[in-house]
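Because the structure is a prediction, the values reported are computed rather than measured.
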Amino acid sequence: VVVYYTNFQTKATSQAAGEVYSAFLGNFYADNTDGDTFGPHYRSASIRWDFSFHTIDLEARRSFAIAPNLTVRPFVGLKTAFIDQSVSSQWNQPIDTSEKTYQFNSATEHLEQNFWGIGPSLGVTLEVPWYTGPRHTLKLFGTPSGSLMYGHWTFQDLYTNDGPTSPTVPTTTSIAIDTSPITGASTMVSGVVGVEWNQIFSRATTTVRFGYESQIWLNQMQFYSYNMGRLNNLTSLHGGVLELSINY
């Protein structure tokens with residue numbers, strides 16, 4: 001039985017200038033409460049996306065030597081995940097139209113999507129010896145796995161600007177979008193392939209693994225867009241993996 005904790009965080013930024021349109025719902029309702037036209041568009045904008053990922057895995061494993069050149073290690077377990085995403089955007093110099101005259105200089109809109117889930121997981125590790133010596137071995141390995149979790153998503157969306165919105169709205173506008181939480185199934189699949197080297201010493205065994213891992217989390221991009229409705233897209237994580245372990 002083994003327990004794993006995984007933490008991964010990243011961020012991305014982008015800027016645009018010219019005639020920049022927002023697809024976020026809060027901006028759509030700025031001086032447009034009845035939704036019959038569109039919200040303001042801007043001369044420039046910037047955006048930052050923050051991603052925070054935490055998982056805890058409890059797994060029970062057992063190895064079977066199917067053949068001299070193949071070892072199979074199936075496992076079952078329990079996966080718990082916490083995935084938080086936020087999108088912070090800054091919108092500058094709204095552009096007047098023939099119908100609208102805007103009086104504020106800039107606006108911000110902040111979106112959050114927070115998820116937690118728990119459920120069973122299963123997978124199998126396949127090991128093929130490449131070279132075997134008296135005190136060390138070199139293997140090829142691959143590990144496909146998956147999990148089906150009970151999941152819960154919550155959402156926030158807050159738009160604010162810095163002055164009178166327009167002659168018809170002579171005050172600062174603050175718009176909070178009330179989006180209902182979602183409870184349902186969350187699925188993830190993953191795969192790892194690589195090379196494993198084992199060195200046996202008198203009192204310990206050192207193992208080094210180098211490979212490539214990919215994880216696909218379905219239903220993890222559910223931000224709301226006024227021109228596309230609720231997005232329901234996958235989130236994928238992938239990259240190189242280096243593991244070092246010493247067993248006494």
Heavy-atom side-chain contact between [X] and [Y] under 4.5 Å:
| X | Y | answer |
| --- | --- | --- |
| Val195 | Leu140 | yes |
| Phe141 | Val192 | yes |
| Asn114 | Trp116 | no |
| Met188 | Gln220 | no |
| Pro120 | Val76 | no |
| Asp162 | Thr172 | no |
| Thr173 | Asp31 | no |
| Asn27 | Pro40 | yes |

Give, for atom [atom1] of [X] and atom [atom2] of [Y], the distance between the pair rounded to the nearest 0.5 Å.
| X | Y | atom1 | atom2 | answer |
| --- | --- | --- | --- | --- |
| Gln9 | Ser52 | CD | OG | 4.0 Å |
| Glu59 | Ser121 | CD | OG | 5.5 Å |
| Ile200 | Thr137 | CD1 | OG1 | 7.0 Å |
| Leu78 | Met149 | CG | CE | 10.0 Å |
| Leu25 | Ile177 | CG | CD1 | 4.5 Å |
| Ser86 | Glu112 | OG | CD | 6.0 Å |

If Ile, Leu, Val, Met, Phe, Trp and Tyr residues are connected whenever their side-chain heavy atoms lie under 4.5 Å apart, and connections chain through other members, are [X] and [Y] in the same group?
| X | Y | result |
| --- | --- | --- |
| Ile47 | Tyr42 | yes |
| Leu122 | Leu148 | no |
| Val124 | Val128 | yes |
| Trp49 | Ile83 | yes |
| Val87 | Tyr29 | yes |

Run the side chain to side chain contact (heavy atoms under 4.5 Å, CB included) check on Val72 and Leu126 step by step: do they pass? CA-CA 5 Å; Val72 176; Leu126 308 175; 3.8 Å; yes
Please tabulate, for the side chains in residues 234-245, all donor-acceptor contacts under 3.5 angstrom to protein atoms that are two or more places apart in sequence or on a different chain.
unit_1: His238; atom_1: ND1; unit_2: Tyr212; atom_2: OH; d: 3.0

I would like to know whether Asp57 and Lys79 meet salt bridge (charged side-chain N to carboxylate O under 4.0 Å, His left out); could you show each step before the answer? CA-CA 5 Å; Asp57 291 274; Lys79 179 182 287 291; 2.6 Å; yes
Any chance the side chains of [X] and [Y] put a donor and an acceptor closer than 3.5 Å?
| X | Y | result |
| --- | --- | --- |
| Thr101 | Ser166 | no |
| Ser63 | Arg73 | yes |
| Thr108 | Thr160 | yes |

For the residue pair Trp91 and Phe24, does the interplanar ring angle fall in the parallel (under 30°), tilted (30 to 60°) or perpendicular (over 60°) class?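 It falls in the perpendicular class, over 60°.
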Students often mix this up, so state it plainly: with edges at 30° and 60°, are the rings of His136 and Trp197 parallel, tilted or perpendicular?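 Correct class here is tilted.
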Minimum heavy-atom separation for Ile175 and Ala30, please, with both atom names.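 In terms of heavy atoms, the two residues are closest at CD1-N, 3.7 Å.
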For a quick test of reading the model, state the closest non-hydrogen atom pair linking Gly26 to Glu109 and the distance between them.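 Looking at all heavy atoms of both residues, the closest pair is N-OE2, 2.8 Å.
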Is a donor on one side and an acceptor on the other found under 3.5 Å between the side chain of [X] and the backbone of [Y]?
| X | Y | value |
| --- | --- | --- |
| Asp96 | Tyr102 | yes |
| Gln113 | Gln222 | yes |
| Arg48 | Thr13 | no |

My understanding is that only one of Tyr5, Trp217, Phe82, Phe115 makes a ring pair (Phe, Tyr, Trp, His ring centres under 6.0 Å) with Phe53; could you say which?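 Exactly one pass, corresponding to Trp217.
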Step by step, work out the side chain to side chain contact (heavy atoms under 4.5 Å, CB included) result for Thr37 and Glu99. CA-CA 10 Å; Thr37 59; Glu99 295 84 12; over 6 Å; no
For Ser186 and Asn219: C-alpha separation, side-chain torsions, deciding distance, then whether side-chain hydrogen bond (donor to acceptor under 3.5 Å, both in side chains) applies. CA-CA 7 Å; Ser186 175; Asn219 315 115; 5.3 Å; no
Around atom [atom1] of [X], are there more than 12 heavy atoms from other residues, nucleotides or ligands closer than 6.0 Å?
| X | atom1 | result |
| --- | --- | --- |
| Asn7 | CG | yes |
| Phe51 | CZ | yes |
| Phe210 | CZ | no |

Using atom types as modelled, flag every donor-acceptor pair under 3.5 Å from a side chain in residues 202-209 to any protein atom, sequence neighbours excluded.
unit_1: Thr207; atom_1: OG1; unit_2: Asn198; atom_2: OD1; d: 2.6
unit_1: Arg209; atom_1: NE; unit_2: Glu196; atom_2: OE1; d: 2.6
unit_1: Arg209; atom_1: NH2; unit_2: Glu196; atom_2: OE1; d: 3.0

Test Thr143 against Phe75 for side chain to side chain contact (heavy atoms under 4.5 Å, CB included), laying out the working first. CA-CA 10 Å; Thr143 305; Phe75 59 88; 3.9 Å; yes
Any pair with a residue in residues 146-156 that passes side-chain hydrogen bond (donor to acceptor under 3.5 Å, both in side chains), sequence neighbours left out, goes on the list, sorted by first then second residue, please.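 For residues 146-156, and leaving out neighbouring residues, the side-chain hydrogen bond (donor to acceptor under 3.5 Å, both in side chains) pairs sorted by first residue read His152-Thr183.
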What verdict does the side chain to side chain contact (heavy atoms under 4.5 Å, CB included) test give for Tyr248 and Ile246, after you've listed the backbone C-alpha separation in whole Å, the side-chain angles of each residue and the deciding distance to 0.1 Å? CA-CA 7 Å; Tyr248 294 94; Ile246 300 175; 3.8 Å; yes
